[in-house]
Amino acid sequence: MINKNQPIGVFDSGMGGLTVLKQLVRFLPNESFVYLGDTARVPYGNKSPEIIRKYTEDATKFLLSKDVKMIVIACNTVSSIALDTVKAIAGEIQVVGMIDFSAIAAYRSSRNKNIGVIGTKATISSNNYEIHLKHIAGDSPIKLYSRACPLFVPIVEELMFDHPATKLIAEDYLKEFKENNVDTLILGCTHYPALSKVIADTIPEATLIDTGEQSAIQVLRMLAEKHLLNEDKIDFSVIPKIDFFLTDFSANFRKLAENLLGFEINNPKLIEFLT
Ligand code: DGL
């Protein structure tokens, strides 16, 4: 029996999912969370769909073993490739990915229906955003532009938010979107909200869609619908209860976590998946 006091499970290939956790904490300040970052096997974005599915299975089973009431797939790559894998294992536990609600938000926000998507190589080659957007548009005209931006992930991991090289790379990656009058750009990767300033400076005419934010709104709605929101009195003076599990501790994980999440992560535990 699922109950209100159980935590929400959040899975990402690494630390980037903390940008999604940040949004979840913002919209659901009363909830507790279990965050799993597969930092030993990150990045997923350059890997094959078969491997991504296999890693995702491990992660889903782990989160279920922590008695979560819902699973949020913070990783856009996993959401694009392996959401069905998670759903098949999760059974009655609801699963929320990054794609569908963000596609709706992008469609609604766009005036000229020239919509852009950026993400990892795996996300872009899956065409998942395009499939959703074309489905939403139906017979109405829509123009979609997509581009893999693999360098944005290491740029964020190296905390190079304001580095001049980041601006140059952003200009190159976003050129085609500007030329094609894209007015709405989906940030289809966990790491990209951390670069939203440089992206917005590079393509100021576009509305940026933060997939973590869109999904957090839906998590709130779905939990409310099922009467599964934690109703304990909120104590805003304490940091929300989050249990962190990582598969490796990289040298700068604390600094990166603080940057992406906005507060310190306490006592992450190391777990191991057999590959
Ligand atoms: N979390 C991944 C995503 O959102 C980015 C990092 C990776 O490639 O694993 O697509």
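Whatever order the structure lists ligands and atoms in, that order sets their numbers, starting from 1. Along the sequence shown, residues carry numbers from 1. Values in this document were obtained by computation on a predicted structure and should not be read as measured data.
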Check your understanding: At a 4.0 Å threshold, what atoms of ligand 1 neighbour a non-hydrogen atom of Thr120?
Key -> 5 (C), 8 (O), 10 (O)
Review point. Atoms of ligand 1 less than 4.0 Å from Asp12 heavy atoms?
Key: 1 (N)
Review point. Heavy atom under 4.0 Å from ligand 1: found in Val78's side chain, backbone, both, or neither?
Key: neither
Review point. Around atom NZ of Lys143, are there more than 12 heavy atoms of other residues, nucleotides or ligands at under 6.0 Å?
Key: no
Exercise for review: With heavy atoms only and a cut-off of under 4.0 Å, state how Asn76 meets ligand 1: side chain, backbone, both or neither.
Suggested key: both
Check your understanding: When you look at NZ of Lys178, are more than 12 heavy atoms from neighbouring residues, nucleotides or ligands closer to it than 6.0 Å?
Key -> yes
Exercise for review: Please determine if Gly45 has a nitrogen or oxygen closer than 3.5 Å to a nitrogen or oxygen of ligand 1.
Suggested key: yes
Check your understanding: When you check the gap from the basic side-chain N to the acidic O, do Asp84 and Lys87 get nearer than 4.0 Å?
Key -> no
Study note, to complete from the structure: Min over Asn46, Thr19, Thr77 of heavy-atom distance to atom 10 (O) of ligand 1 lands on Thr77
Practice item. Specify side chain, backbone, both or neither for Thr190, according to which of its non-hydrogen atoms lie closer than 4.0 Å to ligand 1. Key: both
Check your understanding: Heavy-atom contact under 4.0 Å between Cys189 and ligand 1?
Key -> yes
Check your understanding: Which class fits the ring pair Tyr55 and Tyr44: parallel under 30°, tilted 30 to 60°, perpendicular over 60°?
Key -> tilted
Exercise for review: Below 4.0 angstrom from a heavy atom of Tyr44, which ligand 1 atoms are there? Numbered from 1 as shown, please.
Suggested key: 7 (C), 8 (O), 9 (O)
Check your understanding: Going by the order shown, which atoms of ligand 1 are within less than 4.0 Å of some heavy atom of Val42?
Key -> 9 (O)
Check your understanding: Could you go step by step and tell me if Asp38 and Ser13 meet the side chain to side chain donor-acceptor pair (under 3.5 Å) rule?
Key -> CA-CA 5 Å; Asp38 193 4; Ser13 56; over 6 Å; no
Check your understanding: Looking at Asp139 and Lys134, does any basic side-chain N land under 4.0 Å from a carboxylate oxygen?
Key -> no
Practice item. List every atom of ligand 1 that sits less than 4.0 Å from any heavy atom of Ser13, numbering the atoms from 1 in the order shown and giving each element. Key: 1 (N), 2 (C), 6 (C), 7 (C), 9 (O)
Review point. Any ion pair linking Lys175 and Glu171 (charged N to carboxylate O, less than 4.0 Å)?
Key: no
